[in-house]
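Quick note on labels: first sequence line is chain A, next is B, and so on, each numbered from 1.
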There are 2 protein chains.
Amino acid sequence: MATIREVSRLARVSPATVSRVLNGTTPVAPPTRERVLQAVAALDYTPNAFARGLATNRSGGIGVTVNEVSSPYFGAFVFGVEQVARENGLHLMVSSGFADAQSERTSIDFLLSRRCDGLVVQAEGLADEDLIDLVRRGPAPVVLFGRAVAEIEDVCVVMRNERGGAMAAEYLLAHGHRRIAHVTGPLSFPDARERLQGYRRALEAAGAGYDERYVVESDFREEGGARATARLLERVPDLTAIFYGNDQMAAGGMRTLREHGRDVPGDVSVIGFDDVFLARYLTPTLTTVRQPLIDMGRAAAHLLLNRLDHKRREVVHRFDPELVERQSVARIVR
Amino acid sequence: MATIREVSRLARVSPATVSRVLNGTTPVAPPTRERVLQAVAALDYTPNAFARGLATNRSGGIGVTVNEVSSPYFGAFVFGVEQVARENGLHLMVSSGFADAQSERTSIDFLLSRRCDGLVVQAEGLADEDLIDLVRRGPAPVVLFGRAVAEIEDVCVVMRNERGGAMAAEYLLAHGHRRIAHVTGPLSFPDARERLQGYRRALEAAGAGYDERYVVESDFREEGGARATARLLERVPDLTAIFYGNDQMAAGGMRTLREHGRDVPGDVSVIGFDDVFLARYLTPTLTTVRQPLIDMGRAAAHLLLNRLDHKRREVVHRFDPELVERQSVARIVR
DNA sequence: TCTTGCGATGAAAGCGATTTCAGGCACAGT
DNA sequence: ACTGTGCCTGAAATCGCTTTCATCGCAAGA
């Protein structure tokens with residue numbers, strides 16, 4: 001592996017000049033510049049990232065921790081982050097947090113110890129205070145995804161979940177439904193609470209009334225969705241529609257409905273949340289509230305870049321949900 | 001940020017001793033050791049990764065390039081790699097290759113320039129020779145996923161695709177099918193060719209005969225699967241079963257079948273390949289040939305670790321497919 | 001008592017870049 | 001001809017760690 005020293009000798013200049021040519025920090029006379037570039041090419045020289053990092057204290061990489069890199073939901077988000085990183089010559093260091101405070105802390109420390117220049121954090125386990133502290137006192141710029149913390153709102157990229165929840169409920173109402181159930185994610189998650197809130201607001205605004213018996217808390221997972229649905233069918237068998245807090249629970253729920261002989265959407269209409277790609281594959285295909293995850297990933301990355309290079313890219317912090325109509329909701333005819 | 005120098009002063013030892021305590025390279029007298037550890041704790045010291053890298057020429061990170069991090073297929077694989085990396089205190093640097101030679105090369109160079117200690121590469125665009133060259137002459141150990149290159153077999157982690165293809169066909173044969181179609185992935189991919197090969201072998205072995213008209217080449221994607229299926233229905237409407245080269249194409253295919261009024265599995269049985277999580281969500285749930293992706297990710301990581309630390313972990317290089325029975329295949333009764 | 005040997009520690013030399021500081025050179029102005 | 005002004009370039013310090021090599025002290029053996 002060639003070093004800057006060897007390049008400088010071949011080009012008959014000092015290492016400093018080579019550095020200047022490569023980084024464009026100081027103008028270099030064209031002929032000199034040319035000699036350097038030729039030497040670089042001849043030796044196939046690549047600067048040593050360690051040495052560079054040691055000298056500049058920047059790594060050229062950004063860290064990402066999400067719940068699980070491998071889930072379609074976070075995968076799409078990470079994909080957006082990666083796009084922007086790559087466009088800007090940065091690399092990605094990833095570490096999964098598994099929605100657990102301890103594990104998230106480990107991941108973050110891990111990435112920071114690798115001296116990444118900035119961090120994109122999607123944390124479900126850590127407390128608000130921890131995040132505020134990280135953002136305010138941490139050694140590198142941090143942006144947060146999927147969580148709006150009031151004190152540090154300017155570094156958060158989130159969905160308008162409340163609006164999304166309302167949207168789902170309004171859509172069902174508009175299709176003639178009145179007895180609309182809701183399977184929420186864990187209410188310890190702000191996302192889940194906000195969606196519930198929106199659902200409630202929409203029902204009340206429509207004069208359909210909010211009834212606690214129609215709401216079951218679950219876990220954002222397929223199995224949980226299936227169980228919650230069984231509970232609902234027992235408790236309020238007259239329901240005509242169910243709004244699920246995410247698509248995975250909707251998938252589980254649709255299975256349970258089928259097992260109980262309820263046709264979707266003939267007997268019960270179903271609406272999900274997220275629009276992970278799964279939604280298009282279900283039968284019937286799932287009507288759902290879309291989160292523009294890739295765009296959100298891009299936004300998070302841009303926000304981080306802004307803090308890194310102090311430029312002012314326009315960044316959307318709060319994304320609007322969008323209703324994707326498919327086949328799982330039917331109009332009530334009486 | 002504290003440096004080793006400050007720690008050494010607080011502990012009243014030399015930096016060398018601090019380094020020795022932290023790395024365990026040389027025994028240090030217990031009392032000294034204790035003082036050092038206390039100083040480390042007191043200053044909340046973390047070694048500077050750049051300086052360490054510069055001195056040792058190791059980064060503590062491994063690079064991964066796959067087609068797309070965000071796809072469920074590669075996501076699962078990356079997840080396995082991450083598990084092992086984390087267990088061994090390594091971090092992951094990722095970069096997507098998008099199944100394009102140019103892009104893959106960029107990704108690899110990018111990761112190597114970041115001086116990762118080793119590389120896990122899943123390449124679909126690069127030629128065998130490029131990969132051989134990379135493995136033989138590259139600056140860091142490389143292992144390959146999803147591609148068996150004869151000359152460097154010892155660094156490849158692959159599926160027995162041919163066996164998987166045969167397995168799928170045999171399963172259909174065992175269920176009484178004779179007119180079995182196959183939608184392959186791009187035949188430029190060895191995976192796709194091998195699965196086709198297995199399919200053919202099984203048919204011929206069963207005396208069912210191999211007929212080219214029953215085979216359509218597609219692109220491993222949902223839309224492609226849908227189109228290929230339409231073509232098949234036109235060309236050989238008497239088919240009773242279709243074996244798809246992957247689950248995504250099967251998903252698209254099932255949609256087309258439904259649109260053409262063919263019930264699955266009543267009229268046409270369907271079998272997929274991969275067992276990405278999607279398979280469980282389709283209606284009917286998809287019978288498929290499972291690839292143990294997480295295990296393969298773990299194996300690839302272990303293989304890489306072997307080359308990094310020269311230990312001898314037992315690693316499986318060729319994974320056996322496994323047939324997952326669900327609902328999309330019916331027995332033919334006549 | 002004097003060596004010998006060994007374990008524990010320190011001093012210092014890298015690792016390979018960046019960056020500050022200063023100097024050299026050419027050219028313009030007087 | 002001399003000085004001032006800028007533009008280029010080089011020398012050298014620096015970043016923070018690892019590691020070699022040398023040294024020191026002490027116990028054991030002669």
Side-chain angles (χ1 to χ4, degrees), chain A residues 1-40 43-61 89 91 112-117 139-140 309, chain B residues 1-40 43-61 89 112-117 139-140 308-309:
Chain A
M1 218 55 318
T3 72
I4 201 173
R5 191 82 251 158
E6 303 173 39
V7 174
S8 75
R9 271 197 283 267
L10 184 56
R12 302 189 312 282
V13 295
S14 74
T17 300
V18 177
S19 169
R20 288 193 265 257
V21 170
L22 261 32
N23 296 299
T25 45
T26 305
V28 169
T32 321
R33 193 184 147 70
E34 202 46 46
R35 282 213 312 284
V36 170
L37 290 177
Q38 285 183 7
V40 166
L43 296 175
D44 194 18
Y45 167 72
T46 318
N48 181 312
F50 300 136
R52 179 175 267 182
L54 187 55
T56 61
N57 207 32
R58 276 178 295 104
S59 69
H91 67 262
L112 286 176
S113 78
R114 257 58 187 199
R115 291 294 198 282
C116 52
D117 296 342
D309 61 15
Chain B
M1 214 74 297
T3 71
I4 202 174
R5 188 86 249 161
E6 303 174 39
V7 174
S8 74
R9 271 198 283 265
L10 184 57
R12 304 192 309 284
V13 296
S14 74
T17 301
V18 176
S19 169
R20 288 193 265 256
V21 170
L22 261 33
N23 296 300
T25 44
T26 306
V28 170
T32 320
R33 192 185 147 69
E34 199 48 44
R35 282 213 314 284
V36 170
L37 290 177
Q38 284 183 7
V40 166
L43 296 175
D44 195 18
Y45 168 72
T46 318
N48 181 313
F50 300 135
R52 179 175 270 181
L54 187 54
T56 60
N57 207 30
R58 275 178 296 103
S59 69
L112 286 176
S113 78
R114 257 57 186 200
R115 291 294 200 278
C116 53
D117 297 341
L308 289 176
D309 61 15

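- Closest to the side chain of B:A51, from the set D:dT19, D:dC17, C:dA17, is D:dC17.
- Using a 4.0 Å heavy-atom criterion, one finds that A:N23 contacts the sugar-phosphate atoms exclusively.
- Put simply, CZ on B:R9 is 12 Å from P on D:dC17, counting in whole angstrom units.
- Judged by distance alone, with hydrogens and angles left aside, the side-chain atoms of B:S59 form a donor-acceptor pair with the main-chain N or O of B:R115 at under 3.5 Å.
- The shortest distance between the side-chain N/O atoms of A:T56 and the OP1/OP2 oxygens of C:dA17 is not below 4.0 Å.
- Side-chain nitrogen and oxygen atoms of B:R52 include at least one within less than 4.0 Å of the OP1 or OP2 phosphate oxygen of D:dT18.
- If you take CZ of B:R5 and P of D:dT14, they are 13 Å apart, rounded to a whole angstrom.
- Nucleotide C:dG10 holds its P atom 12 Å from the CD1 atom of B:I4, rounded to whole Å.
- Using a 4.0 Å heavy-atom cutoff across all strands shown, A:T17 reaches sugar-phosphate atoms only and no base atom.
- Contact annotation: A:T26 does not reach the phosphate of D:dT9 (side-chain N/O to OP1 or OP2, under 4.0 Å).
- Note on B:V28: only backbone sugar-phosphate atoms sit closer than 4.0 angstrom, heavy atoms only; bases stay farther off.
- Relative to the side chain of A:L54, the nucleotides D:dT18, D:dC15, D:dT9 differ in distance, and D:dC15 lies closest.
- If you take CZ of B:R33 and C1' of C:dG7, they are 16 Å apart, rounded to a whole angstrom.
- Atoms CZ (B:R20) and C1' (C:dA12) sit 12 Å apart, rounded to a whole Å.
- A donor-acceptor pair is defined here as one N or O able to donate and one able to accept, closer than 3.5 Å; such a pair exists between the side chain of A:R35 and the backbone of A:A11.
- Rounded to whole Å, atom C1' of D:dC17 lies 14 Å from atom CD of B:E6.
- When atom types are taken as modelled, the side chain of A:T56 and the backbone of A:R52 share a donor-acceptor pair closer than 3.5 angstrom.
- Looking at heavy-atom distances under 4.0 Å, A:S19 makes contact with a base.
- Proximity note for A:A55 (side chain, C-beta onward) versus C:dG16, D:dA11, D:dG16: the nearest is C:dG16.
- Base engagement by A:A16 is indicated by at least one non-hydrogen atom pair under 4.0 Å involving a base atom.
- Panel note: side chain B:N23, backbone B:T25; no donor-acceptor pair is recorded below 3.5 Å.
- The separation between B:F50 atom CZ and C:dG14 atom P is 24 Å, rounded to whole Å.
- Map B:R12 and A:A2 each onto its nearest nucleotide of DNA chain C; the residue landing nearer the 5' end is B:R12.
- Spacing between atom CZ of B:R58 and atom C1' of D:dG16 amounts to 16 Å, rounded to whole angstrom units.
- For the pair B:D117 (side chain) and B:R58 (backbone), a donor-acceptor distance under 3.5 Å is absent.
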